[in-house]
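Heads up: the structure comes next, in structure tokens.
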Amino acid sequence: MKYYLCSHNSTRMENLLRKGVREAVREIWGTDVTDDMLQIQKTRKEFAGDLTLVAFPLARVSHSSPEKTAGEIGRWLAANISAVSDYNVIKGFLNVTIASSQWAKRLENLSAAENYGFLEAEYGSAMVVIEYSSPNTNKPLHLGHIRNNLLGFSLSRICSAAGNRVIRTNIVNDRGIHICKSMLAWQMFGNGETPDTTGKKGDHLVGNYYVLFEQKLREQSEQLVAGGMTPEEARENAPLMKKARELLLKWEAGDPDTVELWKRMNSWVYEGFDVTYKDLGVEFDRIYYESDTYKTGRELVLQSLEKGDLVRRDDGSVWIDLTADNLDQKLLLRSDGTAVYMTQDLGTAVLRYADYHFDRHIYVVGNEQNYHFQVLALTLLRMGYRWAEGLHHFSYGMVELPEGKMKSREGKVVDADDLIEEMTATATEMSRELGKLEGYSESERKNICRQIGLGALKYFILKVDPKKNMTFNPAESIDFNGNTGPFIQYTYARIRSVMKKAEETGARQGDRDCSDVTPNLKEISVIKLLNDFPSLVVEAAAELSPALIANYCYELAREFNQFYHDYSILGEEDKKIRDFRLKLTGVTGRVIEKGLWLLGIEAPERM
RNA sequence: GGUUCCGUAGCUCAGUUGGAUAGAGCAACAGCCUUCUAAGCUGUGGGUCGAGCGUUCGAGUCGCUCCGGAAUCACCA
């Protein structure tokens with residue numbers, strides 16, 4: 001198996017118990033149990049015990065009540081497995097208590113583990129290509145892109161932590177009528193403005209002209225409507241629209257001046273995007289441009305047409321017939337031979353497969369394009385590309401404002417740069433109110449506030465199920481208390497503070513073995529969570545779910561904070577226990593740091 | 001109309017292969033800083049899991065029907 005498709009992964013403790021139950025059943029009733037009869041889960045907080053065996057399915061084998069079955073298995077386990085110290089039966093549930101000493105040994109093991117929780121990619125590991133971001137070059141990034149970028153980047157880290165080889169990629173929509181619109185507006189009304197002369201960020205400058213184009217177009221359309229046209233006719237027949245189409249034709253024909261302008265304005269946009277990507281902390285290994293891939297797509301379509309996979313209509317347009325798959329006929333080339341969106345994505349996929357021979361290709365694209373990606377995969381399969389079975393559309397919900405959808409044409413968007421700046425500003429203000437900014441240099445202060453502000457934003461977005469639409473209310477700022485990014489970051493900073501103090505005071509001298517300590521209940525709770533981390537990473541990769549990681553980090557931080565509140569670490573008199581707690585604290589810090597890393601959130605040393 | 005997704009506390013959300021009395025945070029109220037960072041910790045109140053039927057020893061989770069919301073079904077991208 002090249003990558004994990006199973007969503008159920010067991011911890012070492014669970015496997016131990018599973019094995020024990022199998023043996024117990026074999027010895028007591030003389031039968032083997034199947035996997036689906038072995039249901040083991042964590043014991044709920046309100047009951048005594050660590051792991052719970054659901055005995056209902058086993059009643060079939062024992063031919064007695066679930067209670068009796070659970071009782072007999074419990075007795076056997078307690079007698080024959082040293083790690084099991086106690087058990088109780090409630091209804092059909094067998095709650096098993098793992099000996100406290102086992103948990104100290106567990107902590108010792110996972111503390112010693114190299115790169116705990118993360119798997120290394122090897123030569124034969126699955127190759128996963130992840131496409132995300134995919135901006136248009138006619139406007140700056142907005143909140144929807146932020147969700148996209150954060151999801152994509154986090155997924156790339158999760159997949160690589162689960163042992164896959166990962167290529168992060170981006171397809172830039174750098175051609176088409178929409179690009180010509182901003183170019184045209186700049187030509188007509190720009191007076192030669194550049195990012196340098198105006199001091200504006202390039203993507204914003206270009207975006208302004210896109211909005212200006214739409215505004216002027218609306219004015220022209222309204223006049224034509226007053227003259228008797230329908231709104232649709234007016235929009236298509238307005239002089240500006242005609243000019244934009246002419247410009248597109250010139251671009252496609254390779255007109256030197258047009259191409260020159262296109263290159264120039266795109267370069268402004270790329271400079272702007274680079275700043276936003278850097279602020280967001282996302283990166284790419286390889287960027288594809290639609291202007292490069294659409295030609296490959298067109299050739300591909302023409303080849304398939306010759307092979308007879310596609311149909312050509314009388315007007316010359318080329319279609320694929322997917323009615324057998326309960327979809328419609330879909331256009332692949334216009335009657336004038338030009339490419340559409342689908343053509344370009346076909347080309348991109350083929351180029352990428354040639355480049356990477358991926359096992360899996362994940363597209364992080366909004367759910368508005370579900371149909372598009374269904375068609376894309378089917379079309380490639382129809383063309384004979386078996387690898388298209390590895391295409392996966394990671395479909396996420398829209399980000400909406402309280403008043404409804406964001407509309408970039410009308411400038412009704414939450415701009416990515418503005419939001420990042422606001423989050424940092426809020427973090428700065430909160431830090432000042434809490435009196436946390438003393439004793440920091442200016443640059444330290446800025447950096448910490450930036451980390452916290454972005455941490456709040458990223459966690460806010462990543463903790464929710466990607467499938468769900470989310471509403472963002474700019475009036476209610478994102479929280480910094482409770483189930484938030486800063487809460488987790490704060491826990492980390494606290495841990496670092498303890499660890500530093502331990503080193504300064506000499507309390508921490510080397511790595512002493514603590515496996516003979518008997519942990520208390522709070523400590524066990526934390527160790528249990530730490531113990532879950534590796535299987536969680538694998539599960540998050542299988543489910544493609546950053547939210548799983550986010551919620552785990554929160555739970556771990558909360559559990560640790562309770563321990564931190566109830567017990568002294570460095571003030572503990574018993575040196576053995578102090579060392580043990582220090583070890584627990586250190587491992588928790590490392591796991592939180594890794595969890596945050598998987599989300600693309602920075603872990604501040606102080607805050 | 002067809003297809004897909006969503007509906008859990010006033011608000012934002014968890015809820016693992018179906019499992020025990022459905023959990024957090026925010027907001028409200030009441031406590032905890034001479035002690036490792038109070039962005040923390042503790043407690044109180046708040047729910048017919050959109051509605052109904054079915055499968056099951058057991059349903060927020062699976063199936064069907066309905067209600068409400070979103071997306072999509074373009075020679076736009």
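Here is the naming used below: chain letters follow the sequence lines, and residue numbers restart at 1 for every chain. Side-chain atoms are counted along with the backbone in the values below, which use heavy atoms only and exclude waters and symmetry mates.
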Electrostatic pair A/Arg175-A/Glu252, nearest N-O below 4.0 angstrom: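 A salt bridge is present here (some side-chain N lies under 4.0 Å from a carboxylate O).
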Under a 4.0 Å N-O cut-off, is there an ion pair linking A/Lys295 with A/Glu290?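 No, A/Lys295 and A/Glu290 are not salt-bridged.
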Across the strands shown, which category fits [X] at heavy-atom distances under 4.0 angstrom: base, sugar-phosphate, nothing?
{"X": "A/Leu333", "answer": "nothing"}
{"X": "A/Asp465", "answer": "sugar-phosphate"}
{"X": "A/Ser395", "answer": "nothing"}
{"X": "A/Gln39", "answer": "base"}
{"X": "A/Met398", "answer": "nothing"}
{"X": "A/Tyr341", "answer": "base"}
{"X": "A/Lys405", "answer": "sugar-phosphate"}

Could you let me know what [N] is paired to, Watson-Crick or G-U wobble, both distances under 3.5 Å, or none if it's on its own?
{"N": "B/U17", "value": "none"}
{"N": "B/G68", "value": "B/C6"}
{"N": "B/G63", "value": "B/C53"}
{"N": "B/C32", "value": "B/G40"}
{"N": "B/G25", "value": "B/C11"}

Considering only the [atom1] atoms, how many Å lie between [N] and [M], rounded to the nearest integer?
{"N": "B/A39", "M": "B/G69", "atom1": "P", "result": "44 Å"}
{"N": "B/G58", "M": "B/C53", "atom1": "P", "result": "15 Å"}
{"N": "B/U42", "M": "B/C33", "atom1": "C1'", "result": "14 Å"}
{"N": "B/G2", "M": "B/C64", "atom1": "P", "result": "15 Å"}
{"N": "B/U16", "M": "B/U4", "atom1": "C1'", "result": "24 Å"}

Between [N] ([atom2]) and [X] ([atom1]): distance, integer Å:
{"X": "A/Arg606", "N": "B/G40", "atom1": "CZ", "atom2": "P", "result": "20 Å"}
{"X": "A/Asn370", "N": "B/C6", "atom1": "CG", "atom2": "C1'", "result": "12 Å"}
{"X": "A/Asp566", "N": "B/A38", "atom1": "CG", "atom2": "C1'", "result": "15 Å"}
{"X": "A/Glu368", "N": "B/C76", "atom1": "CD", "atom2": "P", "result": "17 Å"}
{"X": "A/Lys467", "N": "B/A70", "atom1": "NZ", "atom2": "C1'", "result": "15 Å"}
{"X": "A/Met37", "N": "B/U56", "atom1": "CE", "atom2": "P", "result": "18 Å"}

With the criterion set at under 5.5 Å between ring centres and under 30 degrees between planes, would B/G58 be stacked on A/Phe56? no
Torsion-based syn/anti label for B/C67, 90° from 0 as limit: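 Because its glycosidic torsion lies more than 90° from 0, B/C67 adopts the anti conformation.
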Just N and O in the side chain of A/Arg245: are any of them under 4.0 Å from OP1 or OP2 of B/C76?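 Negative; the distance criterion is not met.
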When you measure from the side-chain N and O atoms of A/Lys436 to the phosphate of B/U37, is any distance below 4.0 Å, counting only OP1 and OP2? no
How would you summarise protein contacts on nucleotides 20-27 of chain B per nucleotide, using B for base, S for sugar-phosphate only and - for none, with heavy-atom distances below 4.0 Å? BSSSSSS-
If you define the side chain from C-beta out and look only at heavy atoms, does anything of A/Leu217 sit under 4.5 Å from A/Ser221? yes
Are the side chains of A/Tyr552 and A/Leu548 in contact, using a 4.5 Å heavy-atom criterion?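 No; the side chains remain at least 4.5 Å from each other.
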Using only modelled atom types and a 3.5 angstrom limit, is any donor from either the side chain of A/Lys463 or the base of B/U12 paired with an acceptor on the other? no
Partner set under side-chain hydrogen bond (donor to acceptor under 3.5 Å, both in side chains) for A/Arg147, not counting sequence neighbours: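 Counting only residues at least two positions away or on another chain, A/Arg147 forms no side-chain hydrogen bond (donor to acceptor under 3.5 Å, both in side chains).
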Sequence neighbours excluded, which residues qualify as side-chain hydrogen bond (donor to acceptor under 3.5 Å, both in side chains) partners of A/Asn561? A/Thr491, A/Arg494
For residues A/Arg298 and A/Leu333, report the shortest heavy-atom separation together with the two atoms involved.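 Looking at all heavy atoms of both residues, the closest pair is CG-CD2, 3.6 Å.
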Under 30°, 30 to 60°, or over 60°: which ring-plane class applies to A/Trp251 and A/Tyr294, parallel, tilted or perpendicular? tilted
Quick one: does A/Asp203's side chain have a donor or acceptor within less than 3.5 Å of a partner on A/Lys139's backbone?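 Between the backbone of A/Lys139 and the side chain of A/Asp203 there is no qualifying donor-acceptor contact (under 3.5 Å).
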